[in-house]
Asker: 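Here it is, the structure in full.
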Amino acid sequence: MVQLYNLHPFGSQEVVPCKLEPERFCGGGRDALFVAAGCKVEAFAVAGQGLCQPRCAFSTLGRVLRLAYSEAGDYLVAIEEKNKATFLRVYVNWRSKRTENSRVCIRMVGHDVEAPFSETFRDQMSIVEMPLSEAPLCISCCPVKGDLLVGCTNKLVLFSLKYQIINEEFSILDFERSLIIHIDNITPVEISFCIGYVAVMSDLEVLILKLESDPKNRESVNHHPRKTSNPVKLSEDISNETLQLESDDFVICQKPMELLGEKSKQSGIAVTLESTGLADEKIKYFHVQHLLYRRFAPDISSCVLSDDIKLHSLQLLPIYQTGSLTSERKHSSQEKELLSLFCFFSLPHVGYLYMVVKSVELMSVYQYPEKSQQAVLTPQFLHVITSNNLQCYTVRCSAAAAREEDPYVDTTLKACPPVSMDVCALRIQLFIGLKAICHFKNHIILLTKADPETIPERRESPKRLLSRKGTSVNLKTPPVAEAGWNLYIVNTISPVQLYKEMVDYSNTYKTAKTQSCIHLLSEAHLLVRAALMDASQLEPGEKAELLEAFKESCGHLGDCYSRLDTQYSHLTLPYYKMSGLSMAEVLARVDWALEDGAQKYERGLIFYINHSLYENLDEELSEELAAKVVQMFYVAEPKQLPHILCSPSMKNIDPLTAISYLRKLDTSGFSSVLVTLTKAAMALKMRDLDMHRNEMKSHSEMKLVCGFILEPRLLIQQRKGQIVATEFAVQLKETQPGLLVASVLGLQKNNKIGIEEADSFFKVLCGKDEDTIPQLLVDFWEAQLVACLPDVVLQELFFKLTSQYIWRLSKRQPPDTTPLRTSEDLINTCSHYGLISPWVNVLISSESLADKNYMEDLSKLQSLICGPSFDIASIIPFLEPLSEDTVAGLSVHVLCHTRLEEYEWCIDRLLERCPEAVIPYANHELKEENRTLWWKKLLPELCQRIKCGGEKYQLYLSSLKETLSVVAVELQLRDFLNVLPEDGTAAFFLPYLLYCSRKKSLT
């Protein structure tokens, strides 16, 4: 049985002032209610409180068999019967009907209105005649687009809503018959249509289809009426049903069946589309997708086919995209975007609710305590009528739609009660003689009639065939009106008012700590969520009240999950987040009383506090609350205590209290490097440096690094989105900078901190702005190169380091702290730092560079350039601040151009600035294929400069002698003679020529 709560969803009740006994009625839109009786339709205006005022009345062609209203287009459509013939008529512009005798325009569907008569349609009601080749059986209007679907025997006819534009200021509503859906082997009793989704119901079958507009399957549409071909083959057991079914000795029943998705094609019902427009016109729907087929078996225990086994109340319920629950976006019918679609249908004692958009799934099954007559589904409730009761059940539509709309539902950020949660009855209200029901906005329209003495009806033969072929729809003529009837408008109370009643009701379960409390609060939450999704029904100012109730309901659910020890305790976190409660407000709701002399904390609360303290919330707990949190975790999760104490939210904890609990952990076997570091941090907070030093000495530096990796917040925290260096980090900067750099490097290596975050941390720690690079950050970059971290982009790191080295050298700016590594250390430990070329030392020694820091930066830059990984071309544009006028600048420029193999440029610069370095440079760089530069570049240049004389004459002369010695070894005598200058002194070159000539004989 479904659980029943004795709540009060129904509020005020009004009587509709009808003149005749209603035969059909419907409502919709803002305020429209229509009641058909005999050959007359009365229209009423329903105010917000259910007050009902007559608006107009108009005559129909005959007795109304079916009636439907469409808010899109604001029209009324009816199936009418006269002289045993049925007609389909649409009543347009009915609001202009002033009196019952006012003039009415009657026109045929699809016919253009002639200009002289067009203006007459502006201020009078129009009736659109819609002829059909077969008698209409049922109708349905699309709630979004206003298209009309008409059910006939073995087919459905779709009329698309359109407007005939008369002029810029005026257009009239019309329809176009655009599609015929041929459905073999089923005769519709009820249909429902919504944005391309079609639901068809017979006495015992339900079929749901989707009309697709994918042009890839364009061949599925026929442009001319034809008989359905290529039907789906029936299975053998189904086909045997058609054999000799007229036997007087048997009642043949089909098996119950449920087919979902593509499997529903196996139902034996063939569906084809026929476009009724021109072949060259744009086709709206191209092919059909089968979604669901459900068949029920009748109860033949009495061998009588009665109405007890027939389906009723087929309905497609759309829920539209609303955006964030806190969004202020306005919704109009033009902006509606389908989010989820649900299909409901019911047997007399069981109702079924399916979700049918992205996947077809049975969501809920409703077991009624007594035989139902009719039901209506809304986003918030399912209303069911029996002969003497109006029943109100909860639904799961908002739970399913929330998961479609928000991908963060069912994460640690957001939660929603599950779709699978059992439904319940909120109220079973006594109502004598209920006959029919409809619903719009917050109004339930009920027809009651006191039954006269029961008149035995002639029972049909028990031999009646129970098959699709024999199914037919008999539209019974309503009996002659009798006294004792009433048409009521029952208004549902506001969602907020019902929510408050449900919350009050749930308080009776709190002390018992049962699942009933969670169930009822979940129902209240879904009620508010559904109301927020149905934004078009909200009154002005009601949304803010609903949002407040939504947050409050999340807080109540958070309380339940935090206090109850269930498998869903983790839901405490998302519900408290959605509630908007601060951590202090949540802790204030905790019952700190002792149970049996011992404090017990449930998993949900621990889970919430633990995650909240990890998430760097910009909230600082008071000293009292912080102490309670420490006590809580010492009792429930002692291993988490060091982590909890490192949270920025625990800033106000008394360090003595923290250390006392940490020492208890030590004696309980929880001693670890993390506990040691936490105690060291608390000692700093107390300004007890001796205790701090003693704690730091109790572990090796490597273990301390591991401790910082386990809890990065000992060094780095975030407050209001900004990185903050802790007091511990400041202390390490002054006393153990190497440990600090190694720890941050370990954090980066273990993905506990990003590259940019680490850079910002060192700048904040050293009190530098964004444009100033502290030496500790340079030490960190160098450590990254030494560690060869896989996620570090080498060239970016090279660029950072070289830019800093160049800036310091150009500004002669010393580092603000002593570097942790020398150039020699880097060359010995890091493969990216190469050995500096020997000629560089000759070049540097030509000038006195007394500044040690300057020399270190220069050596590191030179070593990087000499390394194997450095991209030289990328750094050339940034060498401009480093002038060639200095020896340091010259060495860097020559090194870079050498790496780029621009040797001639380098020789020219060295000959001009430092001739003594030319020969060491040539010996080191001019090898193999570059040896020709000895006699092609260096020899001619030296000869030319000797001719010019000058103060560097002797340096050039000694360099020339070295060059001739090398050339004499490399070249043959003839080639050697060719490279010597023609105007040279023979005596000077003769020794080299003799050596070159004897070279061959010596070898």
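We use all heavy atoms of the structure for the numbers below, so side chains are in, but hydrogens, waters and symmetry mates are not.
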Asker: If every non-hydrogen atom of Ala584 is compared with every non-hydrogen atom of Glu619, which pair is closest and at what distance?
Answerer: N-OE2, 2.8 Å
Asker: Report yes or no: do Gln862 and Ser891 form a side-chain donor-acceptor pair below 3.5 Å?
Answerer: yes
Asker: Can we say Glu727 and Arg687 salt-bridge, meaning some charged N sits less than 4.0 Å from an Asp/Glu carboxylate O?
Answerer: yes
Asker: Only pairs under 3.5 Å count here: list side-chain donor-acceptor contacts from residues 870-888, not counting sequence neighbours, and write none if there are none.
Answerer:
residue : atom : partner : partner atom : Å
Ser874  : OG   : Asp871  : O            : 2.7
Ser883  : OG   : Asp885  : N            : 3.0
Ser883  : OG   : Asp885  : OD2          : 3.3
Glu884  : OE1  : Arg909  : NE           : 3.1
Thr886  : OG1  : Ser883  : O            : 3.2
Thr886  : OG1  : Gly889  : N            : 3.0

Asker: Looking at residues at least two apart in the chain, or sitting in another chain, which of them share a ring pair (Phe, Tyr, Trp, His ring centres under 6.0 Å) with Tyr576?
Answerer: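 Partners of Tyr576 under the ring pair (Phe, Tyr, Trp, His ring centres under 6.0 Å) test: Tyr608.
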Asker: Assess the pair His832 and Phe798: is the distance between their ring centroids shorter than 6.0 Å?
Answerer: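 Between His832 and Phe798, the centre distance is under 6.0 Å.
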Asker: Between Asp618 and Arg719 (side chain of the first, backbone of the second, donor and acceptor by atom type, cut-off under 3.5 Å), is there such a pair?
Answerer: no
Asker: Do the side chain of Asn750 and the main chain of Gly746 share a donor and acceptor less than 3.5 angstrom apart?
Answerer: yes
Asker: Answer yes or no: is there a donor N or O on one side and an acceptor on the other, between the side chain of Glu757 and the main chain of Gly754, under 3.5 Å?
Answerer: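 Checked: pair present.
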Asker: Kindly compute the distance separating CZ (Arg713) from CD1 (Ile644), expressed to the nearest 0.5 Å.
Answerer: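 With rounding to 0.5 Å, CZ (Arg713) is 7.0 Å from CD1 (Ile644).
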Asker: Between OG1 of Thr802 and CD of Gln795, what distance do you get to the nearest 0.5 Å?
Answerer: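 Between atom OG1 of Thr802 and atom CD of Gln795 there are 9.5 Å.
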Asker: Distance alone, cut at 3.5 Å: any donor-acceptor contact between the side chains of Arg808 and Gln775?
Answerer: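 Looking only at side-chain atoms, Gln775 and Arg808 do form a donor-acceptor pair, the distance falling under 3.5 Å.
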Asker: Does one side chain, of Asp825 or Thr822, offer a donor that lies under 3.5 Å from an acceptor on the other?
Answerer: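 Yes - a donor-acceptor pair under 3.5 Å links their side chains.
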Asker: Search all heavy atoms of Thr678 against all heavy atoms of Cys646 and return the closest pair with its distance.
Answerer: OG1-SG, 4.3 Å
Asker: What are the two closest heavy atoms between Pro417 and Arg403, and how far apart are they?
Answerer: O-NH1, 3.1 Å
Asker: Minimum heavy-atom separation for Leu571 and Ala415, please, with both atom names.
Answerer: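 So the two residues come closest at CD2-CB, 4.1 Å.
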Asker: At what distance, to the nearest 0.5 angstrom, does NE2 of His556 lie from SG of Cys560?
Answerer: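 Going from NE2 on His556 over to SG on Cys560, the span is 9.0 Å.
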Asker: Specify the closest pair of heavy atoms between Ile653 and Lys685, including all atoms of both residues, with the distance to one decimal.
Answerer: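 That would be O-NZ, 3.3 Å.
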Asker: What residues form a ring pair (Phe, Tyr, Trp, His ring centres under 6.0 Å) with Phe728, not counting sequence neighbours?
Answerer: His692, Phe708
Asker: Thr572 side chain to Tyr561 main-chain N or O, any donor-acceptor pair under 3.5 Å?
Answerer: yes
Asker: Is the closest side-chain heavy-atom distance between Ile659 and Met691 below 4.5 Å?
Answerer: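 Yes, close enough: below the 4.5 Å cut-off.
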Asker: Could you state the interatomic distance from CG (Leu809) to CD (Glu856), rounded to the nearest 0.5 Å?
Answerer: 11.5 Å
Asker: Have Glu925 and Trp839 got a donor and an acceptor in their side chains that come within less than 3.5 Å?
Answerer: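 Looking only at side-chain atoms, Trp839 and Glu925 do form a donor-acceptor pair, the distance falling under 3.5 Å.
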Asker: Under 3.5 Å, is there a donor-acceptor pair between the side chain of Ser863 and the main chain of Lys860?
Answerer: no
Asker: Should His525 and Phe550 be marked as a ring pair (Phe, Tyr, Trp, His ring centres under 6.0 Å) after you check the CA-CA gap, both sets of side-chain angles, and the distance that decides it?
Answerer: CA-CA 7 Å; His525 176 86; Phe550 178 81; 5.0 Å; yes
Asker: Taking all atoms of both residues into account, what is the closest heavy-atom pair of Ile606 and Glu637, and its distance?
Answerer: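 Answer, listing the atom of Ile606 first, then Glu637: CG2-CG, 3.6 Å.
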Asker: In terms of side-chain geometry, is the basic nitrogen of Arg821 or Asp779 positioned less than 4.0 Å from the acidic oxygen of its partner?
Answerer: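 Judged by the 4.0 Å cut-off on N to carboxylate O distance, Arg821 and Asp779 do not form a salt bridge.
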Asker: Report yes or no: does Asn652 contribute a side-chain atom to a donor-acceptor pair with the main-chain N or O of Ser622 at less than 3.5 Å?
Answerer: no
Asker: Does the side chain of Pro838 come within less than 4.5 Å of Pro920's, by heavy atoms?
Answerer: no
